[in-house]
Structures are given as C-alpha cells and as structure tokens.
Amino acid sequence: MSDETKTEDKPAAAEKEWQPRIIAFVCNWCTYAGADLAGTSRMVYEPHVRIIKLPCSGRIDVSFIIKAFEQGADGVMVSGCHPGDCHYTAGNYHARRRFGGFRDLLEFCGFDMRRVVFSWVSAAEGKKWADLVNEAVAKIRELGPFKEYQKLLAEDIWRKEETNSDRETG
Amino acid sequence: MSRIGVFVCHCGENIARMVDVTRVAEETAKLPGVAVSVDYRYMCSDPGQNMIKEAIREHKLDGVVVAACSPQMHEPTFRAAVVEGGLNPYLCEMANIREHCSWVHTDKELATQKAIDLVRIMVEKVGKNQELFPIKVPVTKRALVIGGGIAGIQAALDIASGGHEVVLVEREPSIGGNMARLSETFPTLDCSQCILTPRMVEVDRDPRITLYTYAEVEEVGGFVGNFKVKIRQKAKSVIADLCNGCGDCWNKCPQKKIPSEFDAGLGYRTAIYVPFPQAVPNTPVIDRERCTKFLKDKCGICEKVCTLNAIDYTMEDEIIEVEVGAIVVATGYDLFSVGKDQPNEQWTGYGEYNYDAYPDVIDGIQFERLLSASGPTQGEIRRPSDGKEPKSVVFIACVGSRDPEKGLEYCSKICCMYIAKHAMLYKHKVHDGQPYVFYMDIRAGGKNYEEFVRRAIEEDGVLYIRGRVSKIYKDGEQLVVVGADTLSDSQVQVRADLVVLATAIVPHRDAYELAQKIGFGCGSQGFFSEAHPKLRPVETNTAGIYLAGACQAPKDIPDAVAQAGAAASKVQLLFSSDELEREPIIASVNEATCVHCRNCIRVCPYSAITDKEIKDKKGNLIKMVAEVNEGLCLGCGACVAACPSKSIQLAGFNDEQVFAEITALGSG
C-alpha cells in the first residue's frame, strides 16, 4: 500500500503534506547563541529544524547523527564555534577531525551526504544561522523524505530475526 | 515513571502570538511521564514562579520543563524557583520556544508543532536527568591585570584598594600606555600626563601591586579562582634593584638615532632607554636588537658609566609563575595602519593618501606627539619634512573607520573628538594658521562633547568640510588635498602644509593570540567579546576573566576608566567569598570499563584528565584508568565523544539523555 493511494482515498490527508524533519546538534556557546540572536533580531526562517543543545561540538558523537536518521530525520545539521573560537579552546577541532572521518565512512556506505550539513556559526551570526536553516530545508525538500533509511526500517531488516523468534516463542 | 511538570509561557504576546500555547500545554500533557502541563501569561513573574513551586509540591513532581525564552535569559531564574519548590536545580530544563520558535516563524501551525516538539525533547531529557550538586573550589585572592594603560592602572589600583594583591603585567618598559603619549585631553583640555603620572606613581608605590614591565603573559592555565599564569620577564639587562634612574647610561649611549616608538617615529631614542622621562618604573632597558654591545660585542659604555654597577649584559629572560583568582585584560588598542604595511589581507590601506611617501602626512598619535610639551618638538608644531611651522593643516576623519570597502565597518568613536581637539590646540599654538577638517558626520555623544566641537568651530574658526578625501598629492613644498564637499555638492582642493589622518582604532596586534592563550572569545573585528553586550559588559564568557578599556571596543578615557572600575568591582565580588561554587557539569570515568586508551587525555583542553593506577590490597597494580580532576574539568564533553568504550560520561549531557532527546523526535 503506497502513500499515494492513501491520499487519493482521503483528500483530507492532503492537508498534512510531508514536511522535512531536520535535527540540529549545536554547541551551547556559539551556534545556540547565534540562533538566539536570529530570534532577538526577528529573522524569519523555516520552522522545520529542531535544535538539540550540547555544551560543545566536541561532545557530538557520530552515533547521534545515525540515531537521528534512525528516528526518521530527513536531514541533520551539526554546528559549532568557528575554528579558533571554541569556548573550550579546541573542541571544534576534535569535532572537525571526527566528522571528516565519519563523512568518508558514510559516503563509502553510499549515504547521500547532502542530508548532513556541517557548519560553523558564531554567536554573532544570527543571519548565517537563518540562512543555513533555509538552505538546509530547501535542500531536503528537493531530496524529499529520507525513504532509503525508512525503507530499511520498514523492512525491519535490523530486528527481523529477533522479532520473528519473539513471535514464535510468544 | 517520572512525574514531570510542563509550564508553557505566553511571554505576553511574544510567544502566544505565533504559538498556540494552550495546545502546547494540552498536547504535552498527554506525554508519558508528564503529571501536569499548564500555560501562563508570564512564567518568570512572581505568580508564574509560585505556580511552579506549588505544582512541585502538589503533584510531587520530579522534573520540570519550562517552555519559554532562551535558557541564556531565564534558566537561573527557573532553577532557583525549582530549588525553592524543593527540587534539585538540575531537574529543571528549558524549552526555547521564543528565540528559537515564535520570534522566527510566521506559520502558526508549524510553529506550534515545533514548540510541542521542543517541549517533548526536554520532557524526555528531564526524565533522564539526575540530581547534581555544585562543586566547591577555593579562591586565590590575587588578581592579574594584563596591560598597564589607563584601564589596567585603574583596575589594578581599585582592586588593590579593596585589599587584594595585584600582579600587573606590561609589555613595554613603562606603564602608561597610549594615554601617556597624548598631549591634552578632550573636552577639558587638561594635560594627559598631569592626570596620568600620579596614578602611575601610585601603582609603583602600592605595596599590594607587583609590577612587571617589559614582560608578557606566556601561558594561562586553570580556571576561575585558580588560574596558574606564567609571565615572561624579558631581560632588561639592567638590575632594577640597583638602578636609581640617574640617566647617565642613556645620555652616554652612542646609538642616538633609533626611531622612538613612544614618539611614533618622530623622535629618537638610544639603545638603552626609558620610553619617556616620567616612565614608571624609571629603570632603563637595553634594546638588544639595536645595541652595539649585543650586535658587535663592542662599546659597553653604559656599563662603564654606571656607578651603581646596575648593567648586566648576561641577564636572561625569566619565567615567573603566579597563581591568581581573576584576570583583568586591558591590552588596549593599536592604530589602523594607513600605508602598505598591513597586518592582514583584508585591509588594503589608503595608497592615495601617500602616507608612506610624504613625511608631512602623519597620523593622529604623531600629531599628539607634536603637540606634547615633552614631545620631539617640545610642543611646537613643526612639520616632519623641514621643521617649518605649518600654516594650513588638514585633518581627515574616518581613515579606516566606517569604510567596509577599504578598512573597517565600525566607528572608532574617539576620532571626531580628538580631531576637534587637535584643530583647536593647533589654532592655540599657530594663531595665523588655518585648520580644515574633512568629516563624514560629527559624532560627539558624550558629556560636554558637542559643546567642545562647537567651540572649535565657532571660537577657533576650524573649517569643517563634509566629505571624503580622494587624493593627496605634492605640489612644491605643499600638499594638495582633493576631496568632496557634499554640502555644496562640489569638489574642493585644499592646499596644506601638513595632513593629519584620524586612523581607525584596531585591536592590539596580538589580541587574538592572547585571547587564544587565555581562552575567551574575540568578535569578528578582533575586539574581545563581552559576555553580554548590555547586561554583562565587563565579563567574558570565561568565568573569572574580565575586560577593561579599548581592548573590548574603541573607547575614550572616561569610558575606559569606568569599565576598569567595573571590572575591578567584579573581581572584588569574586574575592568576597572563600569558596566558589562551580557548575557540576563535568565528566566522570567508569573505571570498570575504561581500557586506558588515553584518547580522553589527548583531547582534553584543560589537562583535567590524568592516569590513575588501580591496585589490589597488596599494592599490586591491577590496571590503569583515566581520572577526571573535578576542579579542572569545565564540561566540554570532548572526552565523551572520543571514548571508544563509552566509559566517560558528562553529567547533564550523558549519552542516555541525548539519545532520549533524539528519540523524542522519532516518528514511532
């Protein structure tokens, strides 16, 4: 059963069109404050991003990004202080190095890297934050829902054996 | 199952206009673990806070989520309220539905959905939060002041008056900074040295102040209340304890043609020198790059003439270690360089002003030295090229300032005033001379400032021309200044004997490096960043580090002094208690699973993680693990992400909490 047939059956569902779901992992000192500045400056931007705050981009574990996609995100943003401006001196350098390697790994696995946005946004760059969000949302709209991953989930390849055996015993 | 209370704020209309707050409360009430969810007009008000406190008691809450403004704004408010309600403060989190939601979106439906999500994230997180307790650390009641200009001097004196020890570090051989180079100060025209030098002497005489001149801060470690600082005392080659400042050495020094930094290149100094006669301390230093003794191993005259045997050519740099509880940074400013020699690629200089080619095109600080009674001309206005008295002087405002194309975007703030002062003082000294000023706007916002500029125009006949200068060229002995007069919409040419450029104020050339060394932020223009532009103007984002003077932004003397006093009072506030409470957001090691790979030790920016031996009862080594020093850890969490065996966790941001936040957004 595809989504299209559902929509045709129930026209009311058309109102609930697909909206991009983006999770942003940001550091507390630069990007979070930059997003605050976008707020105090009333810069209007797309409402599809949900921020998860961490003390530093150095705290952002690559597994967070995987987890976000596993939970149905269509895109992920990662943002911290500019190189050299880290509140904790060097956390963003560690982050940069870690994501460099991680990025290669994802690409190797055939992952569409356009769904992950890495950036530096300082506490003074409210405009940059707003622009980044708008660009990310536009890009994800273009790419559409992250069906590949959701398909894997739907096919339940991760847990199939486990659930089947559970059912059998149950 | 947890019992969480959700409190949704309207913030008047600020949130409620764009977010359906009632629906947010209704929807989040349905979330598992939420015991109560309400909305209110102003959560931060007394009745709002009481609502939270009562709900904690009534519903026996074990977690609170306040959906309101940014936590930067009111997290301390609500955490304090939660404590009064009987909960640990770290069981309260804020969902930012104002700055990150209602203020930036225009679709009410989508904004409401986002607000619900943001609350849901925090509900899931709070469910995993643990009680945390502040860490207590002792305070070293000694302050370090970096920079001995007027701001550093004021801060040092104020902190010392409060009864605390101060270590004042100045890079130059004397304190005094840029203010010591000024002739007279606006708007009162009192002599700069006359008001400054008594303060300098006070610094030298105060037993609570330890002064290191010709010294630089090499390294800063530690944290608020407990900084460890290494100071490099450069070799002065003169033993300060023996020297009485008689001046025999510098009077006899044969190297007499070294351009004086203090006189901005208009005068000369010797190789062994004090920068200016009123220097504090009055101990000379030997400039080893210019001294014949050091360059060719000849001369040695200063050693011969010194009757006190104070000259020591073998002296070496010394590293001095001090422990301080607070640091005031007062490193001041440099001037924008007009010529070819530029500190970075962004700046191109003003080739059309021919600053490099024409000696009679000078900058503001050079004109100050010409005006100064202790300057290279003893206060007579003589132009550098031929020593003649200039009969026509053109002052050009905003050279580098307010010019994003060639220089800097910002206003340097003090130039309008000092140009008026310069023109006025020039007129007072050269009665038949004519000063002209090319300006964009006159910004004279300060007490008695506007009146001062008016006096220059009306009483001293300074001719103000509103427009920019496009070119300066030489015609015979004179300079021709070509510019626009935008008020009459015409091009003007002014023949001048001397041109003075009001160059922009820029951060000290080593400002960025120093900020990196100490660990606080610089803004995009390179000036040091204050923690909050309005409410915390003298603090940095790093606890225990304060700013004073023009290192934070262009400032005149009254502003610099006011900020220095404010920084000093903040330091004294910090020193008013024996112990500090620090946020318990720190990392800890699970020794059972740690494999001692030392990744965490390598990434920790504070050297807070060290090796630890685990031994059995007999004292045999069983294994090595990592250990976090609670006093040093500042909670960045780099170690957590670097740990391959997930054996380090950061309180307040552990993996379980972050995964709960992500899962909160899940589709299923």
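Every chain is numbered from 1 and lettered A, B, ... according to where its sequence line falls, protein lines coming before strand lines.
- Electrostatic pairing of B:D117 and B:R120 counts as a salt bridge here, judged by a charged N lying under 4.0 Å from a carboxylate O.
- The part of A:H48 that comes within reach of chain B is its side chain, from C-beta onward, which places non-hydrogen atoms under 4.5 angstrom from that chain.
- By the neighbour-count criterion of 12 heavy atoms within 6.0 Å, atom CD of B:E13 is densely surrounded, having more than that number from other residues, nucleotides or ligands.
- With a 4.5 angstrom heavy-atom cutoff, B:N599 does not touch chain A via any of its atoms.
- The environment of CD in A:E107 is crowded: more than 12 heavy-atom neighbours from other residues, nucleotides or ligands sit within 6.0 Å.
- Interface residue A:I23: only side-chain heavy atoms are found under 4.5 Å from chain B.
- Of the two parts of A:W29, only the side chain, counted from C-beta on, holds a non-hydrogen atom closer than 4.5 Å to a non-hydrogen atom of chain B.
- With a threshold of 4.5 angstrom between heavy atoms, A:A35 approaches chain B through its backbone and through its side chain.
- Of the listed residues (A:A38, A:P47, A:G58, A:A90), the one with the most heavy-atom contacts under 4.5 Å to chain B is A:P47.
- Side-chain contact, A:N92 with A:W120: no donor N or O sits under 3.5 Å from an acceptor N or O.
- Looking at A:S57, there are no atoms closer than 4.5 Å to chain B (heavy atoms on both sides), in backbone or side chain.
- At a threshold of 4.0 Å, the pair A:K67-A:E70 counts as salt-bridged, since one of the basic side-chain nitrogens sits closer than that to a carboxylate oxygen.
- Residue A:L37 does not touch chain B at all, counting heavy-atom pairs closer than 4.5 Å.
- Interface residue A:R98: only side-chain heavy atoms are found under 4.5 Å from chain B.
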For B:F520 and B:F528, run ring pair (Phe, Tyr, Trp, His ring centres under 6.0 Å): C-alpha distance rounded to whole Å, both residues' side-chain angles, the deciding distance at 0.1 Å, then the answer.
-> CA-CA 8 Å; B:F520 61 92; B:F528 297 148; 4.9 Å; yes

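- A:H87 touches chain B through backbone and side chain together, each having a heavy atom under 4.5 Å away.
- In this structure, no portion of A:Y93 lies under 4.5 Å from any heavy atom of chain B.
- For the options B:P71, B:S102, B:A642, B:C639, heavy-atom pairs under 4.5 Å to chain A are most numerous at B:P71.
- At a threshold of 4.0 Å, the pair B:D107-B:K114 does not count as salt-bridged, since none of the basic side-chain nitrogens sits closer than that to a carboxylate oxygen.
- Here A:F146 and A:F69 bring their ring centres to under 6.0 angstrom of each other.
- For A:E125, no part lies under 4.5 angstrom from a heavy atom of chain B.
- A salt bridge links B:D655 to A:R59: at least one charged side-chain nitrogen sits closer than 4.0 Å to a carboxylate oxygen.
- Only the side chain of B:K646 comes within contact range of chain A, with at least one heavy atom under 4.5 Å from a heavy atom of that chain.
- With a 4.5 Å cut-off on non-hydrogen atoms, B:L634 touches chain A through its backbone and its side chain both.
- No option in A:F64, A:F102, A:F118 other than A:F118 meets the side-chain contact (heavy atoms from CB on, under 4.5 Å) test with A:V78.
- For B:L650, the part lying near chain A is the side chain, with the backbone staying farther off; criterion is any non-hydrogen pair under 4.5 Å.
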